[in-house]
Amino acid sequence: MAASPGTDEETKRLVLRAWDVKSLEESLEDDAHEAKSSHVDDPEGETLDRKKKITKIIERAAEVGLYAEDLEERIGAGGWTPRPDDAPHHLGDDTGRLICEGLSVGGVSGGADVIDAYLQAFNEARAKNGMRHLTPRLAVKNLQWAIVTPEQTTVEQREEIREEFTRRHSS
């Protein structure tokens, strides 16, 4: 994995600093660790029943939402930008993995539940920091960026999750 051709070293350094990583290699190692640890099983390795498993997935999604807002806050505090541009909001790869797990355990509704948990925690943290809420429409606008493992979901499933989530927030 490499930066796009023509990306200068200063740009790479700024992007890595904004995401609080020292190197691309460190980031990839962290991603590999997160991918392994995102699956929700009990400590003894036994699979939990569906209700407990979806609850654990949703709890993890809320933790990721809090972490995402913390990153946003640190980026703002670092002087890179005072307020994030919500239009390109990316739920993140961790959330994408959890959406796929939610889909496999609870169907389309389980995938949408994961986005709900993420967005609720993210917006509660934003409110505490005096920032406006990320709208549901903008939260799922770039859903394809979060689900980076296409073998776990089809385009149709991703769209069904987006539609279910949007239906919940259309009133």
Side-chain angles (χ1 to χ4, degrees), residues 1 19 27-28 30-43 45-76 81 83-171:
M1 182 174 186
W19 288 105
S27 177
L28 293 173
D30 289 347
D31 285 351
H33 172 73
E34 285 295 324
K36 289 178 188 172
S37 65
S38 71
H39 294 285
V40 180
D41 290 322
D42 70 1
E46 298 173 20
T47 302
L48 301 171
D49 68 2
R50 285 189 184 277
K51 187 172 182 175
K52 286 182 182 176
K53 194 166 186 174
I54 197 72
T55 299
K56 293 277 188 187
I57 294 167
I58 289 169
E59 287 171 358
R60 178 73 177 118
E63 291 171 7
V64 172
L66 291 173
Y67 176 72
E69 169 47 26
D70 181 58
L71 280 177
E72 218 177 57
E73 180 68 16
R74 285 191 286 159
I75 289 168
T81 178
R83 283 185 142 353
D85 178 1
D86 290 339
H89 187 83
H90 173 9
L91 294 173
D93 300 353
D94 292 339
T95 307
R97 284 188 283 276
L98 291 167
I99 291 168
C100 292
E101 286 186 51
L103 175 68
S104 71
V105 173
V108 170
S109 181
D113 289 344
V114 168
I115 301 170
D116 273 328
Y118 168 92
L119 187 61
Q120 181 178 348
F122 182 79
N123 278 334
E124 285 174 5
R126 266 190 160 193
K128 287 179 184 175
N129 292 325
M131 295 180 64
R132 67 188 182 284
H133 281 197
L134 175 68
T135 67
R137 182 184 63 78
L138 288 176
V140 295
K141 178 180 179 188
N142 298 309
L143 187 58
Q144 70 277 6
W145 294 354
I147 301 175
V148 295
T149 51
E151 66 275 1
Q152 290 182 314
T153 63
T154 65
V155 172
E156 293 80 16
Q157 288 171 317
R158 188 175 62 226
E159 286 309 308
E160 287 174 3
I161 292 168
R162 184 193 320 266
E163 287 170 10
E164 170 62 18
F165 178 81
T166 302
R167 183 193 60 74
R168 292 177 184 186
H169 296 278
S170 63
S171 56

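Position 1 is the first residue of the sequence, and the numbers go up from there.
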| For the side chain of Thr166 and the backbone of Glu163, is there at least one donor-acceptor N/O pair under 3.5 Å apart? | no
| field | Parallel, tilted or perpendicular: ring planes of Phe165 versus His169, cut at 30 and 60 degrees | value | tilted
| query | Distance from Leu66 atom CG to Gln120 atom CD, nearest 0.5 Å? | reply | 10.0 Å
| message | The criterion is side chain to side chain donor-acceptor pair (under 3.5 Å); which residues satisfy it with Ser109, sequence neighbours excluded? | response | Arg168
| said: Measuring from atom OG of Ser104 to atom CZ of Arg50, what distance do you get when rounded to the nearest 0.5 angstrom? | reply: 8.0 Å
| How far apart are the C-alpha atoms of Arg97 and Asp94, what are their side-chain angles, what is the distance that settles it, and do they pass the side-chain contact (heavy atoms from CB on, under 4.5 Å) test? | CA-CA 5 Å; Arg97 284 188 283 276; Asp94 292 339; 2.5 Å; yes
| field | Candidate pair Arg60 and Glu101, rule side-chain contact (heavy atoms from CB on, under 4.5 Å), full reasoning | value | CA-CA 11 Å; Arg60 178 73 177 118; Glu101 286 186 51; over 6 Å; no
| task | State the CD-CG distance between Glu63 and Leu98, to the nearest 0.5 angstrom. | result | 9.5 Å
| request: Output the distance between atom CG (Leu103) and atom CD1 (Ile54), rounded to the nearest 0.5 Å. | output: 9.0 Å
| Distance, nearest 0.5 Å, that separates OG1 of Thr95 from OH of Tyr67 | 11.5 Å
| said: Counting C-beta onward and ignoring hydrogens, is there a side-chain heavy-atom pair between Ile99 and Leu91 closer than 4.5 Å? | reply: yes
| field | Distance in Å, Phe122 CZ paired with Ile115 CD1, rounded so as to fall on 0.5 Å steps | value | 14.0 Å
| Check: Arg162 side chain, Lys141 main-chain N or O, donor-acceptor pair, under 3.5 Å | yes
| task | Apply the test side-chain contact (heavy atoms from CB on, under 4.5 Å) to residues Ile161 and Arg158: give CA-CA distance (whole Å), side-chain angles for both, the deciding distance (0.1 Å), then the verdict. | result | CA-CA 5 Å; Ile161 292 168; Arg158 188 175 62 226; 5.7 Å; no
| Who passes salt bridge (Lys or Arg N to Asp or Glu O under 4.0 Å) against Glu59, sequence neighbours left out? | none
| task | Verify side-chain contact (heavy atoms from CB on, under 4.5 Å) between Glu69 and Glu124, making sure each step is shown before the conclusion. | result | CA-CA 9 Å; Glu69 169 47 26; Glu124 285 174 5; over 6 Å; no
| query | Can you name the closest pair of heavy atoms from Tyr118 and Ala68 and give their distance? | reply | OH-CB, 3.5 Å
| task | Over all heavy atoms of both residues, which pair between Leu119 and Pro136 is shortest? Give the atoms and the distance, please. | result | CD2-CA, 3.9 Å
| Hey, does the side chain of His90 reach the backbone of Gly92 with a donor-acceptor pair shorter than 3.5 angstrom? | yes
